[in-house]
Amino acid sequence: LAQGREALRRFYARQQAEPEQPALIEERFKFLLDDVLVVGRWDRVDRRGDEVVIIDYKSSEVHDQDTADRRTRGSLQLLLYALAWRTLHGVLPARVELRFLDTGVTGRARFSEEDLERATGLVREAAHGIRSQDFHATPQEFACRWCAFQSICPFAFQSP
């Protein structure tokens with residue numbers, strides 16, 4: 001609770017020092033990809049002229065710019081948000097950002113059409129797996145760490 005309050009104080013102080021005007025907050029989206037309905041919600045979208053920036057907030061601690069940028073670039077969530085924006089609005093967002101509340105570090109990335117093609121493939125692959133009831137384990141350190149079944153799954157990733 002104390003950590004959350006402190007993060008909120010820092011966030012408020014940053015906004016007071018450099019006010020920002022989001023265009024959208026917690027805006028829902030949905031679109032069809034083939035016969036798959038993709039539904040989600042953008043945390044925040046900023047518009048600066050024709051430039052669109054999709055922003056997501058994380059409470060995890062990231063202290064350096066390289067890690068923040070790498071996490072942003074590797075975020076499937078942000079990739080899908082960019083795909084949603086392009087699908088619904090016809091243009092790629094200028095960039096996506098991950099803002100780490102505990103440290104104030106902001107990761108930035110730009111996605112290309114090729115990146116969105118990869119996202120499209122991942123959605124199609126997931127839909128195919130669900131429809132064919134293929135739920136085999138795919139252990140990964142980050143995914144397993146947060147999985148509700150990690151303690152009982154015989155395939156869970158085991159840290160060294």
Side-chain angles (χ1 to χ4, degrees), residues 20-103 105-160:
E20 296 176 301
Q21 296 295 320
L24 303 172
I25 297 175
E26 292 294 321
E27 184 76 16
R28 293 176 186 262
F29 63 81
K30 64 181 175 180
F31 66 95
L32 273 175
L33 178 62
D34 302 330
D35 61 343
V36 177
L37 181 62
V38 179
V39 179
R41 182 188 315 235
W42 295 294
D43 273 5
R44 174 176 165 180
V45 176
D46 286 8
R47 289 186 184 166
R48 299 174 190 111
D50 290 337
E51 182 182 77
V52 171
V53 179
I54 297 174
I55 300 167
D56 199 56
Y57 293 93
K58 296 296 178 196
S59 59
S60 55
E61 289 192 27
V62 169
H63 296 275
D64 64 280
Q65 193 64 55
D66 287 342
T67 301
D69 289 342
R70 192 170 47 256
R71 289 268 306 269
T72 304
R73 178 81 183 132
S75 171
L76 177 57
Q77 179 183 8
L78 287 173
L79 184 56
L80 290 174
Y81 288 174
L83 175 62
W85 189 268
R86 202 258 288 128
T87 300
L88 295 170
H89 299 279
V91 295
L92 279 166
R95 72 175 177 280
V96 295
E97 294 182 357
L98 274 183
R99 295 190 179 182
F100 295 92
L101 294 171
D102 289 344
T103 60
V105 176
T106 298
R108 294 174 181 82
R110 295 180 188 275
F111 291 127
S112 67
E113 286 294 334
E114 291 79 24
D115 293 320
L116 298 189
E117 285 301 316
R118 184 171 58 87
T120 299
L122 292 170
V123 171
R124 288 178 176 141
E125 183 181 327
H128 175 75
I130 292 167
R131 289 179 176 145
S132 64
Q133 297 185 14
D134 179 4
F135 301 110
H136 69 278
T138 53
Q140 297 174 343
E141 181 177 11
F142 187 77
C144 289
R145 183 181 326 155
W146 301 107
C147 179
F149 303 102
Q150 193 256 358
S151 63
I152 62 169
C153 177
F155 302 103
F157 183 86
Q158 301 297 320
S159 297

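- Counting heavy-atom neighbours within 6.0 Å of Phe155 CZ, excluding the residue itself, gives a total of 12 or less.
- Taken to the nearest 0.5 Å, the CG atom of Asp115 stands 12.0 Å off from the CG atom of Leu78.
- Here the closest non-hydrogen pair linking Leu83 and Leu116 is N-CD2, 3.7 Å.
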* To do: Output, in order, the C-alpha distance, side-chain angles, deciding distance and verdict of side-chain contact (heavy atoms from CB on, under 4.5 Å) for Leu79 and Arg118.
  => CA-CA 9 Å; Leu79 184 56; Arg118 184 171 58 87; 3.4 Å; yes
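- In this structure, Phe111 and Ala82 approach most closely via the heavy-atom pair CD1-CB, 3.8 Å.
- Nearest approach of Ala127 to Val36, heavy atoms of both residues: CB-CG2, 3.5 Å.
- With hydrogens and angles ignored, the 3.5 Å screen pairs a side-chain donor or acceptor of Asp69 with a backbone N or O of Arg108.
- When atom types are taken as modelled, the side chain of Trp42 and the backbone of Ile54 share no donor-acceptor pair closer than 3.5 angstrom.
- From Leu101, atom CG reaches atom CD of Glu61 across 11.0 Å, with rounding to the nearest 0.5 Å.
- Between Glu113 and Arg86 a salt bridge is recorded (basic side-chain N to carboxylate O distance below 4.0 Å).
- Side-chain atoms of Val62 and Arg70, non-hydrogen and from C-beta on, never get closer than 4.5 Å to each other.
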* Asked: Can you list the steps and then say if Val123 with Val38 is a side-chain contact (heavy atoms from CB on, under 4.5 Å)?
  -> CA-CA 9 Å; Val123 171; Val38 179; 4.1 Å; yes
* To do: Report the C-alpha distance between Phe100 and Asp102 in whole Å, list the side-chain angles of each, state the deciding distance to 0.1 Å, and finish with yes or no for side-chain contact (heavy atoms from CB on, under 4.5 Å).
  => CA-CA 6 Å; Phe100 295 92; Asp102 289 344; over 6 Å; no
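- Few gaps surround CD on Glu51; more than 12 heavy atoms of other groups in view lie less than 6.0 Å from it.
- A donor-acceptor pair is defined here as one N or O able to donate and one able to accept, closer than 3.5 Å; such a pair exists between the side chain of Tyr81 and the backbone of Arg41.
- Side-chain contact between Val52 and Val45: present, with at least one pair of heavy atoms (C-beta onward) separated by less than 4.5 Å.
- Minimum heavy-atom separation, Arg73 to Arg110: NH1-O, 2.9 Å.
- Side chain of Asp46 to main chain of Val53: no donor-acceptor pair is present (N/O by atom type, distance under 3.5 Å, no hydrogens or angles).
- The closest side-chain donor-acceptor pair between Glu114 and Ser112 falls under 3.5 angstrom.
- A salt bridge between Glu20 and Arg99 is present, with a side-chain N of the basic residue lying under 4.0 Å from a carboxylate O of the acidic one.
- Here the shortest heavy-atom pairing between Leu92 and Trp85 reads C-CD1, 4.5 Å.
- Taking every heavy atom of both residues into account, Ala68 and Thr106 meet most closely at CB-C, 4.2 Å.
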